[in-house]
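We name chains A, B, ... by the order of the sequence lines, and we start the count at 1 in each one. All of these numbers come straight from a predicted model, not from anything done at the bench.
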Amino acid sequence: MSKEKSMEKLTSLCKRRGFIFQSSEIYGGINGFWDYGPLGVELKKNIKDAWWQDMVRNPPLGPDGEAIEMVGLDCSIIMNPRVWEASGHASGFSDPMVDCQTDNCKGRFRSDKIQDMVCPLKPSKCPGQFEKCQLTEARQFNLMFQTYVGAVQDSSSMAYLRPETAQGIFANFKNVLDSSRLKLPFGIAQIGKAFRNEINPRNYTFRSREFEQMEIEFFCHPQDSMKWYQWWRETRLNWYSSLGIRSEKLLPREQEKEELAHYSIGTTDIEYLFPFASTPQELEGVAHRGNYDLTQHQLHSKQDLTYFDEESWEKDKANRVTNSFREWVKDKSAEEISKYQFLPHVIEPSAGADRFTLAVLCEAYYEDKQPDEKGVLQERVVMKFHPRLAPIKAAILPLVNKDGMPEKAMKLFKELKPHLPIYFDDKGAIGRRYRRQDEIGTPFCITIDGQTNQDSTVTIRDRDSLEQIRIPIDRVHHEITTRLTAKPK
RNA sequence: GCGGGCGUAGCUCAGUGGUAGAGCGUCACGUUGCCAACGUGAAUGUCGUGGGUUCAAAUCCCAUCGCCCGCUCCA
């Protein structure tokens, strides 16, 4: 299947079944913004919940088999604009550009580098020197959305919608440290919306202007930072696999030196081979940011953001005349001090919730052939979501609408409803109902049939294998729960 | 931002100046003891939006918005 065709099929299914809609569609839409429908919101919520559960509430054991400390945070989207001066987003990342409007040129150039560039029409000259050049004024291409705080719109009230959740974590580093009795190493996690004026939104929801991030800032001792960098890289990769992403489509890629952001010592992109692209695209960046961010915020806020390593200080007690750090520090070099008081290094696994949701949708889409009632192979569309992520976990179906089957099915449905997202369907032929569930990725179908009347058993059908087994009706809840947490095949 | 293609029912699409269509889906009733395209019936469109040309526009022209592809961009 061509890449255009397979994305078309997926986007049409997403709309038809209520996973993803274009934002403000009845008004003609808006480029780069998307809405999640009834099934999409469940899917995305399951993804965010899985991340929170597996990274924050119950993270895996650390590199030496030790438990690691993780806490959460939920910061405001609009912050003091000075945050973005400190982070570099306000100044460093928006280059003034000029466009050439000459008919067969239409080039775009960075205005600060224009002397070093070559005019596409007259290679002996720079853009602007050739008599036919029609350059526009230099225009600022700012990636951040601007807004105004308060009713009066002037420059003093200007603010930005955050372009990443990370800076809220750095800005709260001291607050979390002072309120949570945490010691290095520890991580602070946040899930939240971020906004970027992407120059060119493309590829369905992949490059959107409003998106949701799942970010961790993991603070550690500078000496251990490489160890933690490696560990997070592996941990994050494993997480994607545990949710059913095939390893051959999931590729970690160490960024080249030239590619690295100026603050980063190393970054690994975890990339996924989407059907719309011929090369893998970034799902998550695991970046070693050193102490760049805390340094910047310390500088701009003039607040002390250092960490005092009580443990090392106590350990070296015997070698000192005083136990007062304030006293001791007076005649010491910066290097000596930094043994006890320093800015932690940071490993940042930053994942895109919408990008991963899209990857999950792409990964789940299958067309296969299954026999119909006459044994003739018929095409089937099935979303093979990992059961943990599936929006609906099970459908409760009476085989036919008589002999008390619908009543029994409804009773079971009502019993399970408070515990699981499930669906009741008694419309049309049973085969059609199974296929409908396949298309929205429901992993299990529970069917109440004639035998249920005799021995109180029902069948449970597996979405992928179509296999059915009989289980007692009072074991249904247990059986589904068990299967939801099973490892992917 | 540039160039090309496209926009008709929920989805996929036919319809090139003269009555708005098909398949699937949806809903109702019937049928249906296990894997959709069984029967009967029904609903659904100011043909993306705005303007223009014309006796007459889904169809031609202009603008605009959105989608897809290729560049450009992506701290």
Look through every strand shown and name the nucleotide pairing with B/G50 as Watson-Crick or G-U wobble, where both distances are under 3.5 Å. B/C62

Taking atom P in both B/U49 and B/A28, what distance in whole Å separates the two? 31 Å

Spacing of A/Leu260 atom CG relative to B/A75 atom C1', expressed in whole Å: 13 Å

Are a donor atom and an acceptor atom from the side chains of A/Tyr36 and A/Asp354 found within less than 3.5 Å of each other? yes

Kindly list each side-chain donor-acceptor pair under 3.5 angstrom involving residues 391-406 of chain A, sequence neighbours excluded, with atom names and distances?
from	atom 1	to	atom 2	distance (Å)
A/Lys393	NZ	A/Pro387	O	2.9
A/Lys393	NZ	A/Arg388	O	2.9
A/Lys393	NZ	A/Ala390	O	2.8
A/Asn401	ND2	A/Asp426	O	2.9

Between B/A75 (P) and A/Gln167 (CD): distance, integer Å: 15 Å

The criterion is salt bridge (charged side-chain N to carboxylate O under 4.0 Å, His left out); which residues satisfy it with A/Arg380, sequence neighbours excluded? A/Asp368, A/Asp438

Gap between atoms CG and P, on A/Leu10 and B/C68 respectively (whole Å): 12 Å

Check side chain to side chain contact (heavy atoms under 4.5 Å, CB included) between A/Pro371 and all other residues, then give those that pass, not counting sequence neighbours. A/Leu377

List, with names and distances, any nitrogen or oxygen atoms from the protein found under 3.5 Å away from nitrogen or oxygen atoms belonging to nucleotides 34-43 of chain B.
from	atom 1	to	atom 2	distance (Å)
B/C34	O2	A/Tyr434	OH	2.7
B/C34	O2	A/Gln468	OE1	3.2
B/C34	O2	A/Gln468	NE2	2.9
B/C34	N3	A/Gln468	NE2	3.3
B/C34	N4	A/Asp449	OD2	2.6
B/C35	O3'	A/Arg435	NH2	3.4
B/C35	O2'	A/Pro371	O	2.9
B/C35	O2'	A/Arg435	NH2	2.8
B/C35	O2	A/Arg461	NH2	3.1
B/C35	N3	A/Arg461	NE	2.7
B/C35	N4	A/Arg461	NE	3.4
B/C35	N4	A/Leu466	O	3.1
B/C35	N4	A/Gln468	OE1	3.4
B/A36	OP1	A/Glu373	N	3.0
B/A36	OP2	A/Arg435	NH1	3.2
B/A36	OP2	A/Arg435	NH2	2.6
B/A36	O2'	A/Arg432	NE	3.4
B/A36	O2'	A/Arg432	NH2	3.0
B/A36	N7	A/Arg435	NH1	3.1
B/A36	N6	A/Glu379	O	3.4
B/A37	N6	A/Gln378	OE1	3.0

Using the C1' atom in both, what is the distance from B/C65 to B/G50, to the nearest Å? 10 Å

For B/C11, which nucleotide in any strand shown is its Watson-Crick or wobble partner with both distances under 3.5 Å? B/G23

Quote, to the nearest angstrom, the C1' distance that separates B/U19 from B/C47. 15 Å

Select one nucleotide: of B/C11, B/A28, B/U32, the one nearest the side-chain heavy atoms of A/Ser12. B/C11

Indicate syn or anti for B/G21, taking the glycosidic torsion and treating anything within 90° of 0 as syn. anti

Nearest of B/A75, B/U32, B/C67 to any side-chain atom of A/Leu143? B/A75

Is there a side-chain polar atom (N or O) of A/Asn200 under 4.0 Å from OP1 or OP2 of B/C71? no

Send over the distance from A/Arg202 CZ to B/C67 P, rounded to a whole Å. 10 Å

Which is true for A/Tyr204 with a 4.0 Å heavy-atom rule: it touches a base, it touches only sugar-phosphate, or it touches nothing? sugar-phosphate

Can you list the residues that meet the salt bridge (charged side-chain N to carboxylate O under 4.0 Å, His left out) rule with A/Glu407, with sequence neighbours excluded? none

In the structure shown, which nucleotide is the Watson-Crick or G-U wobble counterpart of B/G45, with both distances under 3.5 Å? none

Once you apply the 3.5 Å cut-off to both distances, tell me the Watson-Crick or G-U wobble partner of B/C2, or none. B/G70

Does a donor on one side chain and an acceptor on the other come within less than 3.5 Å for A/Asp455 and A/Thr457? yes

For the C1' atoms, the ones on B/U8 and on B/G4, what distance do you get once it is rounded to whole angstrom? 22 Å

Using a heavy-atom cut-off of 4.0 Å across all strands, would you classify A/Lys402 as base, sugar-phosphate, or nothing? base

The nucleotide from B/C67, B/A28, B/U26 with an atom nearest the side chain of A/Arg436 is B/U26

For B/C34, which nucleotide in any strand shown is its Watson-Crick or wobble partner with both distances under 3.5 Å? none

ring-ring contact (aromatic ring centres under 6.0 Å, His included) test vs A/Phe274 passes for just one of A/Phe356, A/Tyr365, A/Phe206, namely A/Phe206

B/G48 versus B/G7 - spacing of their P atoms, nearest Å: 8 Å

Whole-Å distance between B/C73 P and A/Arg209 CZ? 17 Å

Between CE of A/Met7 and C1' of B/C69 the distance, given in whole Å, is 14 Å

Within residues 187-197 of chain A, find the residues that approach RNA chain B with a heavy atom at under 4.0 Å, and present them sorted by residue number. A/Arg196

Checking base pairs now: Watson-Crick or wobble, both atom distances under 3.5 Å. What partners B/A75? none

What integer number of Å spans the P atoms of B/G3 and B/G15? 28 Å

Among residues at least two apart in sequence or on other chains, which ones pass side chain to side chain contact (heavy atoms under 4.5 Å, CB included) with A/Glu271? A/Arg253, A/Asp269, A/Pro280

When the P atoms of B/C69 and B/U12 are considered, how many whole Å apart are they? 15 Å

Watson-Crick/G-U partner (both atom distances under 3.5 Å) of B/C29: B/G39

Could you give the CZ-to-C1' distance, from A/Phe211 to B/C74, as a whole number of Å? 11 Å

A/Lys15 side chain, from C-beta outward: closest of B/C13, B/A75, B/C11: B/C11

Say whether, by atom type as modelled, one donor and one acceptor occur between the side chain of A/Arg463 and the main chain of A/Gly441 under 3.5 angstrom. yes

Is it the case that A/His297 and A/Gln167 place a side-chain donor and acceptor less than 3.5 Å from each other? yes

A/Glu439: which residues meet the side chain to side chain contact (heavy atoms under 4.5 Å, CB included) condition with it, sequence neighbours left out? A/Leu13, A/Arg16, A/Arg17, A/Val381

P-based separation of B/C67 from B/C61 [nearest Å]: 24 Å

On RNA chain B, compare the nucleotides closest to A/Pro201 and A/Leu13; which residue's is nearer the 5' end? A/Leu13

Could you tell me the separation between the CD atom of A/Glu8 and the C1' atom of B/G5, rounded to a whole number of Å? 12 Å

Can you sort out the partners of A/Lys15 under salt bridge (charged side-chain N to carboxylate O under 4.0 Å, His left out), two or more places apart, ordered by chain and number? A/Glu25

